Amino acid sequence: MTSPAPSSGGALASQDDITAEITDIEAAYQRAGVEETQPRLDYPPYRSSILRHPTKDLHHADPETIERWAPCFGHRDVDPLEADLTIQHGGEPIGERMVIAGRVVDGEGRPVRHQLVEIWQANAGGRYVHKRDQHPASLDPNFTGVGRCLTDAEGNYRFQTIKPGPYPWKNHHNAWRPAHIHFSLFGTDFTQRMVTQMYFPGDPLFALDPIYQSITDTKARERLVASYDHDLTSHEWATGYRWDIVLTGSQRTYMEEEEDDA
Amino acid sequence: MSTLTPTPGQTVGPFFHYALPYEGDRDLVLPGTAGAIRLHGTVYDGAGAPIPDALIEIWQAAPDGSVVQQPGSLRRDGWTFTGFGRASTSRDGSYTFSTLTPGPTEDGAAAFFAVTVFARGLLNRLFTRAYLPDDADALAADTLLASVPDDRRGTLIAARDEQGLCFDIRLQGEDETVFLRFPGH
């Protein structure tokens, strides 16, 4: 694809430029025929990644003792009320109240029990409570957008919050992020540590967003999209979304796992 | 071998500062405690510019080499050593932890901090190790270090300084840090 006036000297790319780059990378991925299930670290349409991706292959390592364990979090660390992002202030936050719930498992499908899940997000107007967020949308005095919980004995987590809005960012001209919630997760091994983003079904901004599209495989990136689940709703109170998370496989032996179960 | 495909990661983004940092996050022990050392460094991009919006986490053994399984990393009581810390970089790209020196987890093993790196612009977290520089025999016998080319090995070893240890992290460029991929990743 050609664009009539190639950007130069720091001028922002247009959405068409970015979309053309995304399309070209995806076409090359399809031709290569090798499945990729994680985001590319080197993904030029996300401009901030250009100087911040390693250029050398990640070096294979077998996890050693400390890496085969994870930090331990407990009820001393997290108050159960921190899972409700709608009650942190004096009044009701503005927006669509919703429940997000799901299960955290490892690569063998075993539940990740009693581990820390942290979330953060914009408010219904697409504004973060962050001094670097200069998007001129309203701050909601009743919504901060930070929550924590521990998974239960079956690996389940559950938050009550407000659906975040999409927001503009400075990657390119008139760039908009699809609505999303950031998730931070710990597993039973430190090598399972991850941070990701959960998205909402049917978002028209998916095709335009270089962060979402940095996962070049369609099936892989759709794993980040929650599903609407009417069983999670509460009567005249909240809608509900389900999103399950798979961490990498645990390196623990089954012997150790059995000891954990005892 | 994993049977389920892991959920893809995504960047931590620019707005994690009001969510992930917490009081006492970088103080595994209070500075000035007997045995406390400072582990610190700067995170750089490919142009050599410091990265002011990165987040570093460490996970380590206790000085006796044991793996601590105590809660209390998020609500520090000042007495419990939990082995986990989190530090966001400052405007000048620097991070700092106050902690204890990790011991080797097995006799003769090289002691290290397990390190994760998150940043705006970094599409997925990175893992690395910050080895202690002191035990030359243990470093020479270490399997991972032996598998890394000579000219890159130094990026995995912290340097002694007056207060403790310095470990710079370079996401790209000359002296790019060796980042790790574990089985199943």
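Naming convention: chains lettered A, B, ... in sequence-line order (proteins, then strands); numbering from 1 in each chain. Everything quoted here is computed from the prediction, not taken from an experiment.
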Structural part of B:Tyr44 lying under 4.5 Å from a heavy atom of chain A | neither
Considering only heavy atoms, which portion of A:Ile66 lies under 4.5 Å from any heavy atom of chain B: side chain, backbone, both, or neither?
-> both
With distance as the sole test, does B:Gln172 use its side chain to make a donor-acceptor pair with the main-chain N or O of A:Thr55 at under 3.5 Å?
-> no
Close side-chain approach of A:Cys72 and B:Thr82, heavy atoms under 4.5 Å | no
Residues A:Arg76, B:Thr80; criterion side-chain contact (heavy atoms from CB on, under 4.5 Å); working and verdict | CA-CA 12 Å; A:Arg76 172 170 144 194; B:Thr80 308; 3.7 Å; yes
Could you tell me which portion of A:Gln197 (side chain, backbone, both or neither) has an atom closer than 4.5 angstrom to a non-hydrogen atom of chain B?
-> both
What distance separates B:Thr177 OG1 from A:His59 NE2, expressed to the nearest 0.5 Å?
-> 13.5 Å
Is there a donor-acceptor contact under 3.5 Å from the side chain of B:Thr7 to the main chain of A:Leu247?
-> no
Where does B:Phe118 contact chain A at under 4.5 Å (heavy atoms): side chain, backbone, both or neither?
-> side chain
Below 4.5 Å, heavy atoms only, C-beta onward: do A:Ile211 and B:Gln10 meet side chain to side chain?
-> yes
Region of B:Val12 in contact with chain A, defined by heavy-atom distances below 4.5 Å | both
Is there a side-chain contact between B:Pro71 and A:His114, using heavy atoms and a 4.5 Å cut-off?
-> no
More than 12 non-hydrogen atoms from neighbouring residues, nucleotides or ligands closer than 6.0 Å to NZ on A:Lys170, yes or no?
-> no
At their closest point, which heavy atom of B:Ala114 faces which heavy atom of A:Glu67, and how far apart are they?
-> CB-CG, 4.1 Å
Walk me through it: do B:Leu55 and A:Val195 pass the test side-chain contact (heavy atoms from CB on, under 4.5 Å)?
-> CA-CA 11 Å; B:Leu55 183 82; A:Val195 164; over 6 Å; no
A:Asp57 atom CG, neighbour heavy-atom count above 12 within 6.0 Å = no
Take B:Arg86 and A:Ser184 through the test side-chain contact (heavy atoms from CB on, under 4.5 Å) and record every step on the way to the result.
-> CA-CA 13 Å; B:Arg86 175 181 283 173; A:Ser184 158; 4.2 Å; yes
Are A:Ile50 and B:Asp45 side-chain neighbours, meaning at least one heavy-atom pair lies under 4.5 Å?
-> no
Atom group of B:Arg170 that falls short of 4.5 Å from chain A, counting heavy atoms = neither
Checking heavy atoms, do the side chain of A:His60, its backbone, both or neither come under 4.5 Å from chain B?
-> both
Using non-hydrogen atoms only, which part of B:Gln70 is less than 4.5 Å away from chain A: side chain, backbone, both, or neither?
-> backbone
Using a heavy-atom cutoff of under 4.5 Å, enumerate the residues of residues 60-68 of chain B that contact chain A, numbered in order, or state 'none'.
-> B:Gln60, B:Ala61, B:Val67
If one checks every heavy atom of B:Arg125 against chain A at 4.5 Å, the contacting part turns out to be side chain
Neighbour count above 12 (heavy atom, 6.0 Å) for B:Asp107 CG = no
Under 4.5 Å heavy-atom distance to chain B, tell me which part of A:Asp189 shows up: side chain, backbone, both or neither.
-> neither
The interface call for B:Ile51 against chain A, heavy-atom contacts under 4.5 Å, is both
Would you mind checking which part of B:Thr11 comes under 4.5 Å of any heavy atom in chain A, side chain (CB onward), backbone (N, CA, C, O), both or neither?
-> both
Where do B:Ala19 and A:Trp120 come nearest, in terms of heavy atoms and distance?
-> CB-CB, 3.3 Å
Can you say whether A:Thr37 sits under 4.5 Å from chain B via the side chain, the backbone, both, or neither, judging by heavy atoms?
-> both
Give the ring-plane orientation class for B:Phe15 versus A:His130, where under 30° counts as parallel, over 60° as perpendicular and anything between as tilted.
-> tilted
Could you tell me which portion of B:Val43 (side chain, backbone, both or neither) has an atom closer than 4.5 angstrom to a non-hydrogen atom of chain A?
-> neither
Is chain A contacted by the side chain of B:Pro14, its backbone, both, or neither, given a heavy-atom distance below 4.5 Å?
-> backbone
Full working for side-chain contact (heavy atoms from CB on, under 4.5 Å) between B:Asn124 and A:Leu41 | CA-CA 7 Å; B:Asn124 204 357; A:Leu41 295 179; 3.8 Å; yes
Given that the side chain runs from C-beta out, which part of B:Thr143 has a heavy atom under 4.5 Å from chain A: side chain, backbone, both or neither?
-> neither
Hey, are B:His185 and A:Thr191 close enough side-chain-wise for a donor-acceptor pair under 3.5 Å?
-> no
Name the option with the most non-hydrogen atom pairs under 4.5 Å to chain B; the candidates are A:Ala70, A:Gly74, A:Ala220.
-> A:Ala70
Given a strict heavy-atom distance threshold of 4.5 Å, which part of B:Tyr18 is in contact with chain A: side chain, backbone, both, or neither?
-> both
Side-chain donor/acceptor of A:Arg52 to backbone N/O of B:Arg120, under 3.5 Å = yes
Taking every heavy-atom pair that is under 4.5 Å apart, which of A:Asp42, A:Asn171, A:Asp244, A:Ile215 has the most such pairs with chain B?
-> A:Ile215
Name the option with the most non-hydrogen atom pairs under 4.5 Å to chain A; the candidates are B:Gly46, B:Ala47, B:Gly83, B:Gly72.
-> B:Gly72
How are the rings of B:Trp59 and A:Phe190 set to each other: parallel, tilted or perpendicular (split at 30° and 60°)?
-> tilted
Heavy-atom nearest pair, A:Met194 first then B:Pro8, reads CE-O, 3.5 Å
Side chain, backbone, both or neither: which part of A:Leu185 has a heavy atom under 4.5 Å from chain B?
-> neither
Residues of residues 20-39 of chain B near chain A, each having a heavy atom less than 4.5 Å away = B:Leu20, B:Tyr22
Which atom of A:Ala61 lies closest to which atom of B:Leu144, heavy atoms considered | CB-CD1, 3.9 Å
Worked check of side chain to side chain donor-acceptor pair (under 3.5 Å) between A:Glu64 and B:Thr105 = CA-CA 9 Å; A:Glu64 293 186 24; B:Thr105 50; 5.6 Å; no
Pair A:Asp79 + B:Arg75: basic N to acidic O under 4.0 Å | no
Nearest heavy-atom contact between B:Phe127 and A:Arg193 is CZ-O, 3.7 Å
With a 4.5 Å heavy-atom cut-off, do A:Tyr46 and B:Leu123 have their side chains touching?
-> yes
Contact part of A:Arg40 toward chain B, heavy-atom cut-off under 4.5 Å: side chain, backbone, both or neither?
-> backbone
Indicate yes or no: at least one non-hydrogen side-chain atom of A:Arg148 is less than 4.5 angstrom from one of B:Leu74.
-> yes
Give the member of A:Asp77, A:Thr196, A:Val146 that has the highest number of heavy-atom pairs under 4.5 Å with chain B.
-> A:Asp77
Most contacts with chain B, counted as non-hydrogen pairs under 4.5 angstrom, among A:Gly109, A:Gly147, A:Ser49 | A:Ser49
